[in-house]
Novice: 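Dumping the structure here so I can ask a few things about it.
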Amino acid sequence: MTTMESLIGLVNRIQMACTALGDYGAANNSFSSLWDQLPSVAVVGGQSSGKSSVLESIVGRDFLPRGSALVRKEIQDETDRRIGKTRQISLVPIHLSIYSPNVVNLTLIDLPGLTKVVVEEQLESVVKDIEDMVRSYVEKPNCIILAISPANQDIATSDAIKLSREVDPTGERTFGVLTKLDLMDKGTNALDVLEGRAYRLQQPWVGIVNRSQADINKNVDMIYVRRKEREYFASSPDYGHLASKMGSEYLAKRLSKHLESVIRAKIPGIISVINKSIDELESEMDHLGRPISVDAGAQLYTILELCRAFDKIFKEHLDGGRPGGDRIYGVFDNQLPVALRKLPFDRYLSMQNVRKVVSEADGYQPHLIAPEQGYRRLIEGALNYFRGPAEASVDAVHFVLKELVRKSVGECQELKRFPSLQSAIAAASYEALEKYHEEGRKTVLRLVDMEANYLTVDFFRKLPQEVEKGGNPAATPAVDRYAEGHFRRIGSNVSSYINMVTDTLRSSIPKAMVYCQVKEAKQSLLNYFYTQIGKKEGKDLSELLDEDPALMEKREQCAKSLQLYKKARDEIESVSLIR
């Protein structure tokens, strides 16, 4: 394999990597980073120094705007469209692609010739504008500079050498090219320059014999021109001993060898960029999810896995692994006790209301000893107040559970790609919670009703008995039954009993809510949904796994780019082993 063939293969593989990066919209930064590492070649020199001829000799065909060929005409027409029939310059580059199996896949830049004189129709700033434009290209560290100097001019006045020395002081990127050797005055030569005595560069100087204007006008092909160039150096008494290191072919080989070494040095960095991008795309693929199988069994398995992923997040909220479950305890520890304390027992057990309820309970026959019916009616009426806080607590827990379902559905990344399944799981969860909510409501109301239906007898047996004036507790004088102290004592006893019931319900209502709502949600939230899913056919399962088209397209692009990345990496790694 020749140096040129090796370089062409190397650069082609690297460009494949660039193409892979460019194909994936999200990787534009990586694409720019990779592309910027590849070298470009810029031809720099004064006007009429032979820049275009050197560039064409490297490419192997004439294409720049001279003469009348079709490609030249297109470039000239595009230039006219940009700046008109003037001698101004444009900062917008004209991109020309030349395809051939025999050329290196590189960016070659033909820059305007440096000048010191402003001609007619040009702005006064044109000298600086051209220099600034040229400098903007050649100051880039990945730009290889072909500094073109005509042999029939003093090298000390070379604009190309002056500028390249400023942007590349070490000379690592600069190739000195001496043109128009055949046009020097008789008796003179450029050996001082070519042999490095007049001005030494890290890369040896190369002499070039350009095509004559007559050759250009006659469209003489490059093969003939190169043969004439070889004959010139071989037969020259001045340059014959340097013939093997002169000419456009030798320059192309030197340049190719240098480019290959530069590119090989860049390969580890390029592979690093590609590997980073591959890791990012792998992560993106994991985030987007892998393609779904068309097999019904596999689809059912996927749905159940997604359900378990959601259920895991929901349980984490309840158990404290994620925020939200503590709000249920807030209902037990704060909302319910506060609501119980705010119940209007002071108003209900006022002396006026106690007298009214007890008297109504006695009817036409006043109570003989203790007003048992009055006690029962007062207690039953007071216990009815507990129904409101009990139901409100159940509603509050239900609301929290629904919120946790909503959050869990949103936080389950795997579900986001399947909106239909996401909605189905949410709907099934809400339906199950409604069932638990109703069961919880019935249970806490049963707790209240149980307190009303069977009073704790021991509480009243332990109350002190009223004693008549004669010291006989068997009977109480009639006048005492309607005394203020009598009714106040009844209200106090009922209040004590209600306080005891309050303490009981403050403990039992949370237990009932946990048993009927929280525990069931934690253990059986999707049980009915699982039963229904197991009965579905393949078409129904597919509908649940119907993805967002935009997401499917994004995953397809991601997978394609990932494949291209890996192929490009393999190509570059394989060519890096070729020597």
Side-chain angles (χ1 to χ4, degrees), residues 1-41 59 95-108 140-144 255-295 298 302 413-414 417 547-579:
M1 178 178 290
T2 66
T3 302
M4 180 63 72
E5 290 171 339
S6 176
L7 179 61
I8 291 173
L10 175 62
V11 177
N12 283 342
R13 285 165 171 80
I14 292 177
Q15 182 144 12
M16 184 187 299
C18 292
T19 302
L21 282 165
D23 282 344
Y24 185 58
N28 282 337
N29 290 336
S30 297
F31 170 71
S32 299
S33 174
L34 177 53
W35 184 252
D36 288 344
Q37 293 189 52
L38 296 178
S40 59
V41 179
V59 173
H95 296 278
L96 174 65
S97 298
I98 297 178
Y99 299 92
S100 170
N102 301 315
V103 299
V104 179
N105 198 346
L106 289 175
T107 301
L108 302 176
K140 296 176 181 177
N142 68 319
C143 180
I144 295 173
L255 185 59
S256 296
K257 186 175 181 180
H258 179 75
L259 288 172
E260 183 177 358
S261 65
V262 170
I263 292 172
R264 288 192 185 278
K266 298 285 187 181
I267 285 179
I270 293 173
I271 292 178
S272 176
V273 171
I274 294 177
N275 283 335
K276 180 181 178 183
S277 299
I278 288 175
D279 290 342
E280 292 173 353
L281 287 172
E282 291 280 10
S283 177
E284 182 73 4
M285 283 295 292
D286 290 338
H287 176 71
L288 295 173
R290 304 292 172 172
I292 298 301
S293 172
V294 295
D295 178 70
T302 298
Q413 296 296 326
E414 300 93 326
R417 60 185 286 205
E547 294 184 86
D548 182 354
L551 187 144
M552 294 173 66
E553 182 180 357
K554 187 175 182 181
R555 183 173 59 244
E556 184 177 351
Q557 290 178 350
C558 185
K560 180 181 177 182
S561 295
L562 185 59
Q563 183 181 9
L564 288 172
Y565 267 105
K566 291 180 177 179
K567 184 176 181 180
R569 180 182 61 186
D570 293 342
E571 291 285 350
I572 294 175
E573 287 179 341
S574 66
V575 82
S576 67
L577 300 176
I578 299 175
R579 293 294 179 184

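As a basis for the values below, the full set of heavy atoms in this structure was taken, side chains included, without hydrogen atoms, waters or symmetry mates. One-based numbering along the sequence shown.
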Novice: What pairs of residues pass the ring pair (Phe, Tyr, Trp, His ring centres under 6.0 Å) test when at least one of them lies in residues 255-278, not counting sequence neighbours?
Specialist: F175-H258
Novice: Does anything in residues 260-295 pair up under ring pair (Phe, Tyr, Trp, His ring centres under 6.0 Å), and if so which pairs, sequence neighbours excluded?
Specialist: none
Novice: List in chain and number order the residues that pass side chain to side chain contact (heavy atoms under 4.5 Å, CB included) with E556, two or more places apart in sequence or in another chain; answer none if no residue qualifies.
Specialist: none
Novice: Which residues satisfy the side chain to side chain contact (heavy atoms under 4.5 Å, CB included) test with A559, sequence neighbours excluded?
Specialist: M285
Novice: Ignoring hydrogens and angles, tell me if any N or O in the side chain of S283 forms a donor-acceptor pair with the backbone of D279 under 3.5 Å.
Specialist: no
Novice: Dump the intermediate steps for side-chain contact (heavy atoms from CB on, under 4.5 Å) on E260 and R264, then the final yes or no.
Specialist: CA-CA 6 Å; E260 183 177 358; R264 288 192 185 278; 2.8 Å; yes
Novice: Is there a donor-acceptor contact under 3.5 Å from the side chain of T302 to the main chain of A298?
Specialist: yes
Novice: Would you indicate whether the side-chain heavy atoms of E280 and K276 approach each other to under 4.5 Å?
Specialist: yes
Novice: Could you grab the distance from atom CD1 of I274 to atom CG of L281, nearest 0.5 Å is fine?
Specialist: 11.5 Å
Novice: Not counting sequence neighbours, which residues clear side-chain hydrogen bond (donor to acceptor under 3.5 Å, both in side chains) with N275? List them please.
Specialist: R569
Novice: According to side chain to side chain contact (heavy atoms under 4.5 Å, CB included), who are the partners of E282, at least two apart in sequence or on a separate chain?
Specialist: I278, R290, L562, K566
Novice: Listed by chain and number, what are the side chain to side chain contact (heavy atoms under 4.5 Å, CB included) partners of M552, not counting sequence neighbours?
Specialist: E547, R555
Novice: K140: what forms a side-chain hydrogen bond (donor to acceptor under 3.5 Å, both in side chains) with it, not counting sequence neighbours?
Specialist: none
